[in-house]
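First up is the structure itself, then whatever we jot down about it.
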Amino acid sequence: MLKIISTLTISLGIFGAFPVLAQPPGPETETIGRTTDQLVDQVCDFIQSEKSFSVDMAITYDEPLEIGSKVQYSANQKLLVAKPNRLRSDYVGDERVTSFYYDGKNFTLQAPNLGFYNTKPAPDTLDGVLDQVDSKYGITLPMSNLFASDPCGDLKAETRDSFFVGNNLVGNEETYQVLLQGENRDFQMWISQEDQPVLKKAIITYKDLPGEPQYTVVFSNWNFKPELPSNGFTFTPAEDDIMVDFIPLDQLNLPPEN
């Protein structure tokens, strides 16, 4: 989820009649001659090797409440990536509407429905701008690991055990479903069975948070030869747009962590 700390305030199965006893997945189960880890490596290596891509994402996420329950929010995000240093993200959700532009020189965060934006100088790599907006401004782009130089580095570092769940559906498409267990988070991945091993769905379960909320993404319309318009990554404000500033994290009076 994208979190913005700044002066810019963005409004930011039907079950069968008979019970079924689920069998636990087996570790490193073989499928079509590949282990679970090999399936994950293939999807990670493939996205890493692609120089450009676009994808649509349907996102749902849980928000724990103080009363002990949780509610679910939804969003849609469109990504356009051209490595090593161009990115466009358009996010429309229940809690916020934002666009993020990065052209290798500057990044812009825009709230198009409010007419607010801010542009800052940026490093000349995707990894660099991701680190800058996160560490300096507290901005996290959803599924940003997809366009990092090592898409699955953090995922693999966190994984303790991996399991093959089965050949299961995303919509009407049969996919390979895998489960990766971590200390604080579990990851489920649904990987296409086509020649291009792409993600079709992903779920992150936050085991260390009350109610174990989940973050779910369904991917569609992968395109690895997208049109790359020359002005698609650079923000040009409209005449009535208002530029506001971010407050860097080190200038906020945040309470100390326990």
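In what follows, every heavy atom counts, from backbone to side chain, and hydrogens, waters and symmetry copies are set aside.
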[atom2] on [Y] to [atom1] on [X], rounded to 0.5 Å:
{"X": "T205", "Y": "Q214", "atom1": "OG1", "atom2": "CD", "result": "3.5 Å"}
{"X": "M243", "Y": "D241", "atom1": "CE", "atom2": "CG", "result": "11.5 Å"}
{"X": "I47", "Y": "L199", "atom1": "CD1", "atom2": "CG", "result": "8.0 Å"}
{"X": "N85", "Y": "T125", "atom1": "CG", "atom2": "OG1", "result": "8.0 Å"}

Indicate yes or no: at least one non-hydrogen side-chain atom of [X] is less than 4.5 angstrom from one of [Y].
{"X": "L87", "Y": "V129", "result": "no"}
{"X": "F187", "Y": "L155", "result": "yes"}
{"X": "I59", "Y": "T216", "result": "no"}

Donor-acceptor contact below 3.5 Å, side chain [X] vs main chain [Y]:
{"X": "T119", "Y": "T108", "answer": "no"}
{"X": "D94", "Y": "S74", "answer": "yes"}
{"X": "K201", "Y": "M189", "answer": "no"}
{"X": "K105", "Y": "A122", "answer": "no"}
{"X": "D103", "Y": "T234", "answer": "no"}
{"X": "T36", "Y": "F164", "answer": "yes"}

Revision key, fill the gap. Taken in chain and number order and not counting sequence neighbours, the residues that satisfy ring-ring contact (aromatic ring centres under 6.0 Å, His included) with F219 are W222
Taking side chain to side chain contact (heavy atoms under 4.5 Å, CB included) as the test, write out the residues that go with [X], two or more places apart.
{"X": "P64", "answer": "P213"}
{"X": "K120", "answer": "F107, N118, Y137, D245, F246"}
{"X": "D240", "answer": "A238"}
{"X": "S89", "answer": "Q77, L79, F100"}

Review point. Y73 and M57: same hydrophobic cluster, using ILVMFWY side-chain contacts below 4.5 Å?
Key: yes
Check your understanding: Between L169 and Y176, is there a shared hydrophobic cluster once you connect ILVMFWY residues whose side-chain heavy atoms come closer than 4.5 Å?
Key -> no
Compare every heavy atom of [Y] with every heavy atom of [X], then report the nearest pair and how far apart it is.
{"X": "S192", "Y": "K200", "value": "CB-CE, 4.0 Å"}
{"X": "L130", "Y": "V133", "value": "O-CG2, 3.5 Å"}
{"X": "V71", "Y": "L65", "value": "CG1-CD1, 3.8 Å"}

Check your understanding: Does NZ or CZ of R86 lie under 6.0 Å from the centre of the six-membered ring of Y102, at an angle within 45° of the ring axis?
Key -> no
Study note, to complete from the structure: The remaining residues in the hydrophobic cluster of V218, counting side-chain heavy-atom contacts under 4.5 Å among Ile, Leu, Val, Met, Phe, Trp and Tyr, are V170, W190, I203
Revision key, fill the gap. Grouping ILVMFWY residues whenever side-chain heavy atoms fall under 4.5 Å, the cluster of L80 otherwise contains L228, F233
Check your understanding: side-chain hydrogen bond (donor to acceptor under 3.5 Å, both in side chains) between Q72 and E63: does it pass, once the steps are laid out?
Key -> CA-CA 6 Å; Q72 187 177 85; E63 188 73 26; over 6 Å; no
Cut-off 3.5 Å, no hydrogens considered: what does the side-chain donor-acceptor table look like for residues 143-151, sequence neighbours left out?
| residue | atom | partner | partner atom | Å |
| --- | --- | --- | --- | --- |
| S144 | OG | L141 | O | 3.4 |
| N145 | ND2 | P151 | O | 3.4 |
| S149 | OG | D127 | OD2 | 2.3 |
| D150 | OD1 | G153 | N | 3.3 |

Practice item. Return the set of residues passing side chain to side chain donor-acceptor pair (under 3.5 Å) with Q132 (not counting sequence neighbours), or none when no residue passes. Key: none
Point to revise | Partners passing side chain to side chain donor-acceptor pair (under 3.5 Å) against Q196 (at least two apart in sequence or in another chain) | key: none
**Study point:** side-chain hydrogen bond (donor to acceptor under 3.5 Å, both in side chains) contacts touching residues 40-49 (sequence neighbours left out)
**Key:** R34-Q42, D41-K156
Review point. Is it the case that more than 12 heavy atoms not belonging to N168 sit under 6.0 Å from its CG atom?
Key: yes
Study note, to complete from the structure: In short, disulfide bond (SG atoms under 2.5 Å apart) pairs touching residues 68-104 with sequence neighbours left out are none
Check your understanding: Charged N to carboxylate O below 4.0 Å: is that the case for E158 and R185?
Key -> yes
Check your understanding: Less than 4.0 Å between a side-chain N and a carboxylate O, is that true for K207 and D186?
Key -> yes
